[in-house]
Protein chains: 2
Amino acid sequence: MLNTMYIKNKDEATEELIKNTAKRLFFGEGKFNATTQEIADAAGVNRTLINYYFRSRDKLFEIVFSDAQDKEQQRTESIIFSELPFKAKIEEFIDDSFVMAKEYPYMEIYLVTQFNQGCYFKDEEGMERMLKKFYEELNIEMSKGTIEKMEPIQFIINMVSLISFPISMRPLFQRTMRLTDAEYEKILDDRKEIIMNTLFGK
Amino acid sequence: MLNTMYIKNKDEATEELIKNTAKRLFFGEGKFNATTQEIADAAGVNRTLINYYFRSRDKLFEIVFSDAQDKEQQRTESIIFSELPFKAKIEEFIDDSFVMAKEYPYMEIYLVTQFNQGCYFKDEEGMERMLKKFYEELNIEMSKGTIEKMEPIQFIINMVSLISFPISMRPLFQRTMRLTDAEYEKILDDRKEIIMNTLFGK
DNA sequence: ATAGTGTTTAACATTTTTGTTAAACAAAAT
DNA sequence: ATTTTGTTTAACAAAAATGTTAAACACTAT
């Protein structure tokens with residue numbers, strides 16, 4: 001028999017539907033301890049289908065986690081190895097991060113909680129290659145004076161912090177500072193320019 | 001009968017011991033779904049003592065969460081309302097954050113996960129007062145030219161991001177970039193200067 | 001010493017969450 | 001039509017986590 005996929009009315013095969021729903025709950029809504037029942041409900045399917053497709057809750061989690069890592073890595077990779085000039089690369093990365101963040105704001109936090117529970121990191125070599133390349137570029141820019149001289153790693157930390165923190169910590173910021181959704185959206189929209197100015201000086 | 005506290009050999013009353021252990025697990029080790037059994041084991045006490053002292057798991061969580069909020073707020077407050085000049089305040093805040101982070105690196109992440117599960121924010125007025133004061137100072141510094149002109153909130157976000165992200169995302173950074181513990185410690189030690197330069201220009 | 005108080009423990013009960021099985025179901029191929 | 005294959009469901013079983021009770025314990029004050 002051909003392994004033709006049964007296509008659901010909602011144009012999504014059940015397996016995908018479950019996976020995407022789990023992603024949405026974890027990365028989109030930050031519900032890191034969603035039960036199988038909650039995931040099934042959110043997906044509108046019977047709970048035991050999770051076992052049917054993924055054997056166990058743990059397997060589903062593993063897969064979702066693995067996907068997340070891949071996506072993060074690909075995203076970064078495609079930008080770093082692009083032919084854009086340095087500053088444009090950074091802009092691209094910021095834009096791209098914000099797009100991603102709109103859908104999955106809690107991705108990074110989830111990765112951290114998973115690492116804390118003893119997960120391992122996947123594509124080590126790929127990451128190594130990327131970092132090496134980016135370090136080189138950073139060194140060039142520093143000697144050109146585009147950016148302040150510092151350890152390349154420090155620049156990277158600055159950049160990622162400025163981009164990701166206000167996204168993943170949104171509930172904390174927004175509630176602490178009593179901001180409406182609209183106000184916070186506005187703040188995020190303004191950040192690209194702020195970040196560029198902060199990283200490169202004005 | 002006097003409510004004299006029974007003092008444990010480890011110079012800590014059991015109730016405190018449990019609370020501190022929970023804090024250590026949550027904020028120190030990032031084990032956000034520690035079971036009552038795990039907490040009890042880590043504290044070296046019988047599991048049912050958690051029920052005895054805190055009624056339920058939820059109550060314990062509530063208390064720990066509330067304590068965390070208080071501590072964060074007090075910390076910030078004492079610095080903001082100090083008589084230090086602006087730049088010194090920031091330095092103080094950085095130092096203070098790093099000290100705190102040594103013990104409880106995952107505090108912020110925990111706060112976020114709790115907010116996501118429908119917790120509320122406590123001392124709203126206190127926070128309001130603090131922000132107002134800090135906004136004023138920021139505006140002064142901007143007109144003096146000490147820092148770039150921008151929305152005060154953006155400066156705050158920059159500052160907190162640069163400080164907190166590399167701490168709470170340590171597992172992510174460290175593993176992604178394949179750094180040893182020693183290497184990462186070194187990086188954190190260097191950050192104070194980096195952050196000051198990034199916020200104020202060199 | 002012992003009565004009184006608060007603390008700790010172990011045994012039990014309950015609830016919540018997860019996993020398994022067999023039967024019902026739907027679509028396609030023979 | 002009925003066999004085959006894969007999907008979905010409901011009923012059940014098992015495991016994990018939480019909560020309750022009563023009895024044992026330890027310290028203090030009388």
Side-chain angles (χ1 to χ4, degrees), chain A residues 1-26 29-65 110 113-114 116-119, chain B residues 1-26 29-65 110 113-114 116-119:
Chain A
M1 169 95 194
L2 294 169
N3 68 341
T4 50
M5 280 229 164
Y6 281 37
I7 302 302
K8 270 219 139 183
N9 25 4
K10 295 174 185 177
D11 88 36
E12 218 172 2
T14 309
E15 187 173 343
E16 276 307 295
L17 174 64
I18 292 173
K19 222 161 68 177
N20 288 335
T21 306
K23 270 185 204 167
R24 204 191 71 220
L25 288 180
F26 298 162
E29 301 178 18
K31 312 253 177 193
F32 299 146
N33 351 9
T35 64
T36 51
Q37 186 64 66
E38 285 168 330
I39 297 169
D41 287 350
V45 304
N46 189 290
R47 180 179 62 81
T48 51
L49 284 181
I50 291 175
N51 291 314
Y52 177 71
Y53 284 111
F54 303 97
R55 289 200 114 76
S56 72
R57 183 182 191 271
D58 281 353
K59 287 268 181 237
L60 170 60
F61 278 46
E62 256 175 50
I63 287 171
V64 171
F65 179 61
Y110 180 76
T113 65
Q114 288 306 97
N116 281 335
Q117 277 157 43
C119 277
Chain B
M1 171 87 194
L2 294 170
N3 69 340
T4 50
M5 282 229 163
Y6 280 37
I7 302 302
K8 270 218 142 186
N9 24 5
K10 293 171 186 178
D11 88 35
E12 219 172 1
T14 307
E15 188 173 344
E16 278 306 295
L17 174 64
I18 293 173
K19 222 160 70 179
N20 288 335
T21 305
K23 272 186 203 165
R24 203 191 72 220
L25 287 179
F26 298 162
E29 301 177 18
K31 312 255 174 187
F32 299 147
N33 353 8
T35 64
T36 52
Q37 187 64 65
E38 286 168 329
I39 296 170
D41 286 350
V45 303
N46 190 291
R47 179 179 62 81
T48 51
L49 284 180
I50 291 175
N51 292 317
Y52 177 71
Y53 284 111
F54 302 95
R55 291 199 111 78
S56 73
R57 182 181 192 270
D58 281 353
K59 287 268 180 236
L60 169 60
F61 278 45
E62 257 175 50
I63 287 172
V64 171
F65 178 61
Y110 181 77
T113 65
Q114 289 306 98
N116 282 336
Q117 277 157 42
C119 277

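Keep in mind it's a predicted model, so treat the numbers as computed, not measured. All values below were derived from every heavy atom in this structure, side-chain atoms included, with hydrogens, water molecules and symmetry-related copies excluded. In what follows, every chain begins at residue 1, and chains take the letters A, B, ... in the order their sequences are listed.
- Taking every heavy atom of residues 54-61 of chain B and every atom of DNA chain D, pairs under 4.0 Å involve B/S56, B/R57, by number.
- Rounded to a whole Å, the CG atom of A/N33 is 11 Å from the P atom of D/dT18.
- By the salt bridge (Lys or Arg N to Asp or Glu O under 4.0 Å) test, A/K19 pairs with A/E16, A/D67, sequence neighbours left out.
- Under the ring-ring contact (aromatic ring centres under 6.0 Å, His included) criterion, A/Y110 pairs with A/F26, A/F27, A/F32, not counting sequence neighbours.
- Contact record, B/A40 with B/I50: N-CD1, 4.1 Å, taken as the closest heavy-atom pair.
- Within the structure, a side-chain polar atom (N or O) of A/T14 is placed less than 4.0 Å from OP1 or OP2 of D/dT8.
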Taking it one step at a time, do B/T21 and B/V45 satisfy side-chain contact (heavy atoms from CB on, under 4.5 Å)?
CA-CA 11 Å; B/T21 305; B/V45 303; over 6 Å; no
Just the table, please: protein N/O against nucleotides 9-15 of chain D N/O, every pair under 3.5 Å.
| residue | atom | partner | partner atom | Å |
| --- | --- | --- | --- | --- |
| D/dT9 | OP2 | A/N46 | N | 3.4 |

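- Here OG1 of B/T36 is found 9.5 Å from CG of B/L60. Values are rounded to the nearest 0.5 Å.
- Taking side-chain N and O atoms only, B/T36 has a distance below 4.0 Å to OP1 or OP2 of D/dT18.
- In this entry the distance linking CD of B/E15 with C1' of C/dT8 reads 14 Å, nearest Å.
- Atoms CG (B/N51) and P (D/dG19) sit 5 Å apart, rounded to a whole Å.
- Rounded to an integer number of Å, the gap from A/I50 CD1 to C/dG19 P is 10 Å.
- Between A/E38 atom CD and C/dT16 atom P the separation is 12 Å, expressed in whole Å.
- Listed by chain and number, the residues in a side chain to side chain donor-acceptor pair (under 3.5 Å) with A/N33 amount to none (sequence neighbours excluded).
- Of all heavy-atom pairs between B/C119 and B/F65, the closest is CB-CE2, 3.5 Å.
- Within the structure, side chain to side chain donor-acceptor pair (under 3.5 Å) pairs that include any residue of residues 48-64 of chain B comprise B/N46-B/T48 (at least two apart or interchain).
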